[in-house]
Amino acid sequence: MSHVQDELIASDIEAYLKQHEHKGLLRFITCGSVDDGKSTLIGRLLFDSQMLFEDQLAAIEKDSKKWGTQADAMDLALLVDGLAAEREQGITIDVAYRFFSTQQRKFIVADTPGHEQYTRNMVTGASTADAAVILVDARNGVLTQTRRHSYLVHLLGIRHIILAINKMDLVDYDAGVFRRIVDDYRAFADLIGMEDFTAIPVSALKGDNILHPSPAMHWFHGPTLMGCLETVEVDETRMQRAPVRLPVQWVNRPNLDFRGFCGTLAGGVLHPGDRVRVLPSGKESRVARIVGDEGDRPRALAGESITLTLEDEIDVSRGSVICGADAPAQVADQFEARIVWMHEEPLYPGRTYLMKAGAQTVQATVTDIKYQVNVNTLERLAADTLELNGIGVCNISLDRPIPFDPYEENRDMGSCIFIDRFENHTVGAGMIEFALRRAHNIHLQHVDVDKAARAALKGHRPGVIWFTGLSGSGKSTVANRVEKKLHALGVHTYLLDGDNVRHGLNRDLGFTEEDRVENIRRIAEVSRLMVDAGLIVLTAFISPFRSERRLARDLLEDGEFVEVYMDTPLEVAEQRDPKGLYRKARKGELKNFTGIDSPYEPPEAPEVTLEGARLDVEAAADRVIEALRDQGMIPR
Amino acid sequence: MRDGDYLTHLQRLEAESIHIMREVVAETENPVMLYSIGKDSSVMLHLAMKAFHPAKPPFPLLHVDTRWKFREMYAFRDRMARELGLDLIVHVNPEGVERDINPFTHGSALHTDIMKTESLKQALNAHGFDAAFGGARRDEEKSRAKERIFSFRTAQHRWDPKNQRPELWKLYNARKHKGESIRVFPLSNWTELDIWQYIYLKDIPIVPLYFAAERPVVRRDNALIMVDDERMPLEPGERPEMKKVRFRTLGCYPLTGAIESEADTLPGIIQEMLLTRTSERQGRVIDHDSAASMEKKKQEGYF
């Protein structure tokens, strides 16, 4: 707020309010390290737009004496500082949001640290930004971190990149320095496919080219930083020109006569009477009303949270997407996507995660990591897993088709997050590039001879008896006995164990965590096929991870999976050591051995728990048979 | 579409808040809206009515009462619930009542801890609420600038700053284990000025205490405290005097400082706020501890 604004506030507050009703909103992210003067820059924007109150200023002055780096001057960087622990370390470690406004716009600044390990935070901050300000220290020029930040904001689809070349006061406001850095940066921008950027020479500390053109840099004729931020196009305004998309969040049914579909318009401009197609069902109708609390509305713009009704009674639920009938979204269940991993536990191909895209949550598996990108060098590297802060191009397979648009065309329709099914953490972020095949082209061959028909021949219901437990816990011993008993009862069985799987189907797999995941995934798939064939399958593998056992269970129908936990203490199993493996593991000759240097996650709710320490094999086998009778798999 | 059409900052903030509320209602089992009767609560309630119109918001309001709010606040609360036809739950910590916890004999810290922090946990547990909307904003205080919109609490209602989920795009992960809960802040990106402008634009009802009027006050520790009822003990020689005052924030009356003011209209309030340049939290007695105190309170479960 300028001095002119102050006068208007004092003389005619209602005129001021009228003027400010029409302000727009721009969200931007600042990238750079503390050394580039990033906090000082944000402090400067807050300070110069006078969005600071006296008591806040007093607090900063007090803090400056305690923590500041600017000798006696007030340290603007302290304005944008946060949690106590971070303050003591002298760094910020998360995304912080700041607010300021001018006559034209309100601004929300996502402030993220520049440190390498915090790719996760930058991606988070960039996901909601319309523009990015990338800070470069004029003395250092384009550095590795500048390239990394630029790659990330470009990856996240930010269209307005502002290169703020800071600390011009320390290079005597030299035009040559500025031009050299711009040329360097342009070469890099071309390399990553960044079409455009705006370079501005500034001094955050002195205020040059921040709000006002700098008297020290007459050679520069471009906009000031604030001038640029006040005029770049907001992403939602651009999205008005995109096809109509309404991801349905909530169906509003106060009574039998009203069925409103609520959501935030993710593209286009919508009017009553517009023809729409609902995905994934493909049914068409017209918009009847756009319902508002102050009466029906003549139209809705991208970015608005709306409620609409349709002319026809068609099936629409949370997760459906109402699209313009002339340009509907695609529907697919397999994609290529760019994934940024955000959790300490790496992404394993084959493991099932929840994926939330728009208002729908589905099960997703990464089937292949095509390559990983080194954010510093942009090299493509082969990868078996994606570690925290890793970025990979991956193939994803879903348990059902979803409507989507490529991320590049529509950020809300092409973005997704990955969620760990057990811990519920948000573990990754994805940007959909394209469908690997269109779901509506898949025609599953309808087979008349189905599972039920095959099972009917057998006289028992098919299913899997999944033994899990430490090496030496007694899995194979009990599984063998159960198979003999079932065979005697006339049940068609098959036992999968290390001997017949490790040497054939899975001989290409080792014992690393990701290979173990893949090992179990294959076993689960083979079991499912055998269940489809009508068999009762017994599996005897350590299968140490809950998520893979869950995957196996989820492949089957309810009642087809019996988890048998061999609850044998490590000391007992180690003492038995039938194959001498514990001894080798203890000596360090065997890596990633479950119980020694690789974890075992006991089941939370197994159908059967057998105490393995004092094992009565006969009694144990009988208990499993009894469980099969309880589940109705075999007759009593 | 006409050229140059865009959403204003208030329209965008409104859309974001409504999106958040609908997401919570769709993804949690038993949500509740914390209603503190202040201006932020008034805006949050207005947005909830809008988000689910023509239905009523599919959750009740919860007021965690300390028994020390201004009388006008209670009257306003009951009127709003009645007029909007909403289910209002009022919870007072029965232990606090039994021990007669009050800000005068027990001090602001203990009073706040027992009557607000503990009481809120009691109410959330008693009703089994798994998500609670709160009206906190990121601009209120430095440590809140980093608070997520969906803030996860353990079964003990503790907030762990190291274990919060990243929030990308408009995709909120509301999944949690049994016993865990989420505090959701739909007004995170609003500033104090946005709140006032929106109240002005939409003509949203607020408690009259925000407007300047002659009220009986005493001066204590450099703050003007309103003598709202006979429970307020006066020091020897202390006499309430009538002053034209108003409040920038509302809480327990013995803990809320008034400012002398002539502003008795909404534009007047906004004008005064823009010209005086002290932040609203100055009136809150509980903030006058160390800079990091808010963060500590948050970890303990205070909003």
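Side chains included, hydrogens not; waters and symmetry mates left out as well; all remaining heavy atoms used. All chains are named by letter (A, B, ...) in the order of the sequence lines, taking the proteins before the strands, and each is independently numbered beginning at 1.
Side-chain N or O atoms of A:R318 include none that pairs as donor or acceptor with a backbone N or O of B:E27 at under 3.5 Å. For the pair A:D412 (side chain) and B:W169 (backbone), a donor-acceptor distance under 3.5 Å is absent. The closest donor-acceptor contact from the side chain of B:R12 to the backbone of A:L25 lies under 3.5 Å. Using modelled atom types, one side-chain atom of B:H177 and one backbone atom of A:F422 make a donor-acceptor pair closer than 3.5 Å.
Proximity to chain A (any heavy atom under 4.5 Å) is shown, for B:S17, by neither the backbone nor the side chain. Only the side chain of A:F258 comes within contact range of chain B, with heavy atoms under 4.5 Å apart. Using a 4.5 Å cut-off between heavy atoms, A:L354 contacts chain B through its side chain alone, with no backbone atom that close. Both the backbone and the side chain of A:I417 come within contact range of chain B, judged by heavy atoms closer than 4.5 Å. For A:V251, no part lies under 4.5 angstrom from a heavy atom of chain B.
For the pair B:Y6/A:V234, no side-chain contact is recorded, criterion being any heavy-atom separation below 4.5 Å from C-beta on. Looking at B:E167 and A:V95, their side chains never come closer than 4.5 Å, going by heavy atoms from C-beta outward. When side chains are defined from C-beta on, B:M49 does not count as touching A:D293, because their heavy atoms never get closer than 4.5 Å.
A distance of 4.5 Å separates CD of A:E294 from NZ of B:K50, quoted to the nearest 0.5 Å. In this structure, the separation between CD on B:E23 and OG on A:S305 is 10.5 Å, given to the nearest 0.5 Å.
B:Q11 and A:E304 share no donor-acceptor pair across their side chains, judged by distance under 3.5 Å alone.
Scanning both residues, A:H20 and B:H9, for their nearest heavy atoms gives O-CE1, 3.2 Å.
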